[in-house]
Amino acid sequence: MAKNNESMNANPPGILLIRSIRRKDWSFKTYKYVVLLITFIAYTSYHASRKPSSIVKSVLHPHPFLNETVTNPWPIGPLFVKREFLGSIDLGKSKKKGWEPFNGEDGTSKLGEIDVAFLACYSMGMYVAGHLGDSLDLRLFLATGMIGSGIFVGLFGMGYFWNIHAFWFYLVMQMVAGLFQATGWPSVVAVIGNWFGKSKRGLIMGIWNAHTSVGNISGSLMAAAVLEYGWGWSFIVPGAFIFLAGIMVYLLLPAYPEDVGFPCPNQPYVEDSSKINDEEAQTVKENVAVNAQFNVPRVGSNRTSVGLCDACLIPGVIPFALCLFFSKLVAYTFLYWLPFYLSQTGIAAYIYESFAVLDSLSEFFPFFFCKFQSDAMVTLLILVLDYLFAAIGGEYVSVKSAGNLSALFDVGGIVGGILAGHLSDKLDARATTAASFMYAAIPSMLLYRKYGGTSRLMNILLMMIAGLFVNGPYALITTAVSADLGTHSSLKGDSRALATVTAIIDGTGSMGAALGPLLTGFLSSKGWDAVFIMLVVGALSAGLLLSRLVLSELSEKFSKRLACEQHNSE
């Protein structure tokens, strides 16, 4: 068994090449930086490849009254792109072409079904992927998932060039892509957990977890940049990105410290990985290299994976998994629907106000209104009211502007992930930190809904604040919490539970991620207030599910303080 695992966990080809060129190996610290960088790029590409569907929603199912100019994407071009009403509108018949089968009356529902198909396969595949990640070579497993994801994301975009209008084609492409994408998160968290001990894990993983928001931002920019050449390119370019990143992972990622001759920080004999210096690590490395010549098994190569049921019994796994269900419901609703919300909500309110004014005019000028009541009259009135009503600071948001603007939500998410990680390290209270952020997300979302349209500055500010509180606990639970539980003391130092525990927590969370966009597809047709009520209920539920763990943490801290005070008084 040990020999088998050793053959699987071979040195990455790229590292072997670098060794031969440099004629010496990297230090332990350098390898840690390399692992952080490669896994950061890897999961950035995962999230970048998920973002195009939210950017092209308004192209596949466009609003019938709008036209927009094409410019370079932000930050190269302007954040806000001018959006104009069509010069002549037939309210009974006018509709921009869009893309069949998404341009009908049930277009938003079908777009929601596409999202839920992807996320359902993603969440179900997560449970299997976690166990496989603990059983197979993480480097090969992760690289295969990334290359497969790139292929099927690209095939979705090829539907544009092949002129495919069958709904089942897009559904199947998203489902298969979801299965491949399930390989990503358990693998990258397991790799980080293999290389880094618990010391400052929250802060390190909070900074590292910025790849989620960086991926969303880069995916938005890539998709928006090529949108003018056809929506298919918005999928092909991010698909090529994750494909190339998968090749990089295969060539350069050392999934385990033992693979390159270093001790694992989660082994019982390593008390604190932060105390390992390069000289000591190099000595261990040389001894392992000598042993390898005589087929002596490497450190940790005989580890066995933990089953799903055993992993579920680890204290804290189930509460955090259920909390993440609702946390990701909120986060992924923003991820998939925020650009669509920005591009649609202003014009909906605008037309509502236009017809309200039209009704008022009919009371004062009944003869005039009856004589000229027609589609042309309504069109003229809407164009006149363009100077009276506004969506965001006096300008309506185009599809491209919506993609650009939604990226700022993820900027707030980066700050939130780092802040949540740092606070949880400082307070040594993961559950309390996560619950506090979820409760704070409730007023921030309500404020964004009510005042987000008053001005550009207010929209950007409130969006970033909402992103901070929504993505903060999501980032904390999926990184530091998962790694903590995956290396729990009950496992006796067996880090082969990392991917399994991460898969259970994030797989359960991904079910919520599938449910949120699906419900939004139906609720948005009844009004966006209903969507925000759903988000508030989700955030509240996420916080309440951690109540027992929060009370346990607070009780433990109170007991320690009381014991300390008694000791000082003596």
query: What do the steps show when you test Asp428 against Lys557 for salt bridge (charged side-chain N to carboxylate O under 4.0 Å, His left out), and what is the final call?
result: CA-CA 9 Å; Asp428 192 22; Lys557 286 189 173 297; 5.0 Å; no
query: Does atom OH of Tyr451 have more than 12 heavy-atom neighbours from other groups under 6.0 Å away?
result: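 Not more than 12 within 6.0 Å, no.
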query: Do you see a donor-acceptor pair shorter than 3.5 Å between the side chains of Ser53 and Gln174?
result: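 Side chains of Ser53 and Gln174: no pair found under 3.5 Å.
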- prompt: Among side-chain atoms of Tyr127 and Thr508, is any donor-acceptor pair under 3.5 angstrom?
  reply: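 Yes, because at least one side-chain N or O of Tyr127 sits under 3.5 Å from a partner of the opposite role on Thr508.
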task: With sequence neighbours excluded, tell me which residues meet side-chain contact (heavy atoms from CB on, under 4.5 Å) with Ile318.
output: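 Only Cys312, Leu322 meet the side-chain contact (heavy atoms from CB on, under 4.5 Å) criterion with Ile318.
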Taking all atoms of both residues into account, what is the closest heavy-atom pair of [X] and [Y], and its distance?
| X | Y | result |
| --- | --- | --- |
| Cys121 | Met175 | CB-O, 3.4 Å |
| Gly421 | Leu476 | CA-CD1, 4.1 Å |
| Phe409 | Ala466 | CE1-C, 3.8 Å |
| Leu523 | Ala530 | CD1-O, 4.0 Å |
| Ala542 | Cys323 | O-SG, 3.3 Å |
| Val470 | Ala441 | CG2-CB, 4.1 Å |

field: side-chain contact (heavy atoms from CB on, under 4.5 Å) between Val226 and Phe235, intermediate numbers included
entry: CA-CA 9 Å; Val226 295; Phe235 286 89; over 6 Å; no
task: Let me see the working for Phe156 and Ile236 under side-chain contact (heavy atoms from CB on, under 4.5 Å), right down to the final yes or no.
output: CA-CA 8 Å; Phe156 189 101; Ile236 292 173; over 6 Å; no
task: For side-chain contact (heavy atoms from CB on, under 4.5 Å), just list the numbers for Thr333 and Met534, CA-CA rounded to whole Å, side-chain angles, deciding distance to a tenth of an Å, and then say yes or no.
output: CA-CA 10 Å; Thr333 298; Met534 176 194 75; 3.8 Å; yes
task: Please step through side-chain contact (heavy atoms from CB on, under 4.5 Å) for the pair Arg449 and Val531, ending with a clear verdict.
output: CA-CA 10 Å; Arg449 172 59 179 161; Val531 175; over 6 Å; no
message: Run Arg430 and Asp425 through salt bridge (charged side-chain N to carboxylate O under 4.0 Å, His left out) and show every step you take.
response: CA-CA 8 Å; Arg430 309 282 199 217; Asp425 279 341; 2.9 Å; yes
task: For this output row, return yes or no: ring centroids of Tyr46 and Trp185 closer than 6.0 angstrom.
output: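 They do not qualify: ring centres at least 6.0 Å apart.
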- prompt: Should the ring pair Trp99 and Tyr160 be called parallel, tilted or perpendicular, given that the plane angle runs from 0 to 90° and is split at 30 and 60?
  reply: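 Tilted, since the angle between the ring planes falls between 30° and 60°.
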task: Give the ring-plane orientation class for Phe532 versus Tyr448, where under 30° counts as parallel, over 60° as perpendicular and anything between as tilted.
output: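 Aromatic pair Phe532/Tyr448 classed tilted.
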task: Please say whether the positively charged group of Arg50, taken as NZ for Lys or CZ for Arg, lies over the ring of Tyr122, i.e. under 6.0 angstrom from the six-membered ring centre and within 45 degrees of the axis.
output: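 Yes, Arg50 sits over the ring of Tyr122.
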task: Please identify each residue that fulfils ring-ring contact (aromatic ring centres under 6.0 Å, His included) with His47, with sequence neighbours left out.
output: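 Applying ring-ring contact (aromatic ring centres under 6.0 Å, His included) to His47 gives Tyr43.
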- prompt: Within the distance-only criterion (no hydrogens, no angle test), does the side chain of Tyr170 pair as donor or acceptor with the backbone N or O of Ile114 below 3.5 angstrom?
  reply: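 Checking the backbone N and O of Ile114 against the side chain of Tyr170, no donor-acceptor pair under 3.5 Å is found.
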Expected output: side-chain Ser552 to main-chain Arg548 donor-acceptor under 3.5 Å: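 Not at all, since once roles are kept as given, no pair shorter than 3.5 Å links the two residues.
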